[in-house]
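Before any comments, here is the structure.
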Amino acid sequence: MKGMSTVVTARDVIVPCEAKGHKVRLAGGLRFWAGARCPVCRSRVDPKRYRRVLRWVANLKAPASSARGPRVAWWTTVVYLAFAIVSAAALWWLSDRWWLATVLLFGPRWVLLLPLLLIAAAAIRWDRALLVPLLLSGLIVLGPVVGFHTGWLRAFVWEDQERDIRVVSLNAEGGRLWALEVNSLIYDWEVDIAAFQECRGPLQEALTWLGEDWYTDARSGFCLVSRFEIVETLEMDREAFQFAGGGAVIATYLLDVHGELVRLTNVHLETPRAGLELILAGRLGEGILKLGERSALREVELRRAREWVDQFSGPQIVVGDFNTPPESPIYRGPWSDWQNAFSLMGRGVGGTRMNGWIRVRIDHILASEHWQVVSSRVADDVGSDHRPILASVRRR
């Protein structure tokens, strides 16, 4: 606590004492939260600590001084905070609805953190109180916008080699360049089920070399290898999608898992790439139109995929290349009540689609309510333009 004899600045926290209402300036730094008494009447000052917090926040409504440096730091902080909130709102509510938000959805969102470094440097130089709203802005961008996950729930669950089912999903991009390595990769991943999209030719052939302990199914660009017997395979009719110009492939496998029937559905849905490439090439009008068409088609495919799995009962797992990040409203609409393994248990951003310095999480492993998600991660690059996504699940 300090008296009022020294010069008062815009960032000083001044609150009245409890008895006489004398104005008392509280100390800063680590002593800000300490109990204080009025230097005049010795009565307590803000014992519940809420007035000082409100006053500290109220002090941020204007620059610390009229000098150029503090004004620049304050204005850039305000603009960046508003920018963070607008970006998060656009991403979660307007992506796949508005072309600019869709570009953000599939673009390098991490670059939005770069201005924060310069603004924080200005705040440290001229007004350190602005570091708190800048921290809030950074958390908004890092979490809801960039999609960073801490995986803190993993601290409350442990893997059990006997009970857990380990699954990997990968868009193999044909697999021609790395087909000979696939068997060793499956053993390195230590998985029970491996689901591939864009699985063709040499990769299909290589998967048959896993041995008698594995069951294999290959069709329509899909490959599934499983330690559990594949009892039945059903493939969704693609005619309606192909008529609309889409390329969705959806297949469901009935597996005998230790005497219990479990269904795993492998999906590969439409990509927005054509529209994004046109926009990147400067053909804005054509690109916006194409991007809107692809978004509408992807929404139909996402909903049809959900309707397809809803016809089955019992424990289910859905894996594959959804070509849609989890922040998109067209993904959350039909799939929000399913557990997204990486969203629950992953760490980091989890980008699965590699396009230069752009990483987007468009490959997912989803689990029905019958499962507890134990862990999830994105594995190292294997030679495809996608990275493998892995998850362990356990029957509840």
Side-chain angles (χ1 to χ4, degrees), residues 96 165 167-172 193-199 215-226 228-257 260-272 293-344 352 361-371 373 386 389 391 393 395:
D96 282 314
I165 297 176
V167 184
V168 64
S169 175
L170 172 63
N171 184 319
I193 304 170
F196 298 94
Q197 306 86 44
E198 294 190 25
C199 177
Y215 299 88
T216 305
D217 186 284
R219 66 184 67 215
S220 302
F222 281 167
C223 294
L224 185 83
V225 291
S226 168
F228 311 112
E229 181 184 357
I230 303 173
V231 178
E232 180 185 43
T233 303
L234 297 174
E235 188 172 352
M236 186 175 178
D237 183 14
R238 301 170 59 191
E239 183 177 351
F241 294 142
Q242 292 172 336
F243 179 79
V249 186
I250 302 171
T252 296
Y253 309 86
L254 183 63
L255 308 177
D256 183 352
V257 180
E260 181 180 28
L261 295 179
V262 172
R263 284 183 170 82
L264 182 139
T265 298
N266 196 2
V267 307
H268 187 193
L269 306 184
E270 184 59 44
T271 174
E293 293 174 353
R294 296 294 95 180
S295 293
L297 180 56
R298 285 169 37 242
E299 182 173 15
V300 171
E301 292 182 349
L302 285 161
R303 293 189 180 278
R304 289 293 304 277
R306 175 59 193 269
E307 292 170 0
W308 169 261
V309 301
D310 278 348
Q311 69 181 308
F312 306 116
S313 59
Q316 295 193 63
I317 303 170
V318 179
V319 306
D321 181 0
F322 286 70
N323 266 312
T324 304
E327 296 86 1
S328 171
I330 69 170
Y331 163 86
R332 299 198 322 273
W335 293 102
S336 60
D337 57 337
W338 279 62
Q339 302 172 90
N340 187 304
F342 191 89
S343 296
L344 285 173
T352 58
R361 182 158 65 97
I362 59 175
D363 301 89
H364 307 295
I365 296 178
L366 310 181
S368 65
E369 60 183 7
H370 304 83
W371 302 99
V373 179
H386 289 243
I389 185 167
V393 297
R395 275 292 271 127

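What you see is a predicted model; the values in this text were computed from it and never measured.
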Closer than 3.5 angstrom, by distance alone: can the side chain of R395 be matched with the main-chain N or O of W371 as a donor-acceptor pair? no

Do L255 and E229 come close enough that some side-chain heavy atom pair is under 4.5 Å? no

Run the side-chain contact (heavy atoms from CB on, under 4.5 Å) check on L234 and F312 step by step: do they pass? CA-CA 11 Å; L234 297 174; F312 306 116; 3.9 Å; yes

Classify the angle between the aromatic ring planes of F322 and Y331 as parallel (below 30°), tilted (30 to 60°) or perpendicular (above 60°). perpendicular

Closest contact, heavy atoms only, A248 versus R238: O-NE, 3.4 Å

State whether R303 and E307 are salt-bridged, where the test is any N-O pair (Lys NZ or Arg NE/NH1/NH2 against Asp/Glu carboxylate O) under 4.0 Å. no

Under the criterion side-chain contact (heavy atoms from CB on, under 4.5 Å), I'd like the reasoning laid out for T233 against T252: C-alpha separation, chi angles, the key distance, then a yes or no. CA-CA 6 Å; T233 303; T252 296; over 6 Å; no

Given the rule in the side-chain contact (heavy atoms from CB on, under 4.5 Å) test, do I165 and F228 qualify, once you have shown the distances and angles that lead to the verdict? CA-CA 10 Å; I165 297 176; F228 311 112; 4.1 Å; yes

How long is the span from the CE atom in M236 to the OG atom in S220, to the nearest 0.5 Å? 13.0 Å

Do the side chains of E299 and L302 get nearer than 4.5 Å, heavy atoms only? no

Would you mind reporting whether I230 and L224 have side-chain heavy atoms less than 4.5 Å apart? yes

Mind checking whether Q339 and L366 have side chains closer than 4.5 Å, heavy atoms only? no

Determine yes or no for a side-chain-to-main-chain donor-acceptor pair under 3.5 angstrom, with E260 supplying the side chain and V257 the backbone. no

If you look at every heavy atom in H364 and N340, which pair is closest and at what distance? ND1-ND2, 3.4 Å

Would you mind checking if E301 and R304 are paired as a salt bridge, meaning a charged N to carboxylate O distance below 4.0 Å? no

Flag for R263-S313: side-chain donor and acceptor within less than 3.5 Å: no

Any donor-acceptor N/O pair, T216 side chain to V225 backbone, under 3.5 Å: no

Assess whether atom CD of E369 is packed by more than 12 heavy atoms of other residues, nucleotides or ligands within 6.0 Å. no

Taking side chain as C-beta onward, heavy atoms only, is V249 less than 4.5 Å from E235? yes

Test log, rule side-chain contact (heavy atoms from CB on, under 4.5 Å), inputs L264 and I193: CA-CA 9 Å; L264 182 139; I193 304 170; 3.9 Å; yes

Gap separating the OG atom of S336 from the CZ atom of R306, nearest 0.5 angstrom: 8.0 Å

What closest approach, in Å, do Q197 and N171 show between heavy atoms, and which atom pair accounts for it? OE1-N, 3.2 Å

Is there a salt bridge (Lys or Arg N to Asp or Glu O under 4.0 Å) between R219 and D217? Walk through the geometry before answering. CA-CA 7 Å; R219 66 184 67 215; D217 186 284; 2.9 Å; yes

Before you tell me yes or no, could you show the steps for R298 and T271 under side chain to side chain donor-acceptor pair (under 3.5 Å), namely the whole-Å CA-CA distance, both residues' side-chain angles and the distance that decides it to 0.1 Å? CA-CA 7 Å; R298 285 169 37 242; T271 174; over 6 Å; no

Compare all side-chain heavy atoms of N266 with those of I250 and state whether any distance is below 4.5 angstrom. no

Are E232 and Y253 side-chain neighbours, meaning at least one heavy-atom pair lies under 4.5 Å? no

Shortest non-hydrogen contact from S328 to D96? OG-OD2, 2.7 Å

Which atom names give the shortest non-hydrogen contact between I365 and I389, and what distance separates them? CD1-O, 3.4 Å

Quick check: does any side chain N or O of Q316 sit under 3.5 Å from a backbone N or O of V309, one acting as donor and the other as acceptor? yes

With a 4.5 Å cut-off on side-chain heavy atoms, are T265 and W308 touching? yes

If every non-hydrogen atom of P315 is compared with every non-hydrogen atom of L261, which pair is closest and at what distance? CG-O, 3.8 Å

Thinking salt bridges, do R332 and E327 make one under a 4.0 Å N-O criterion? no

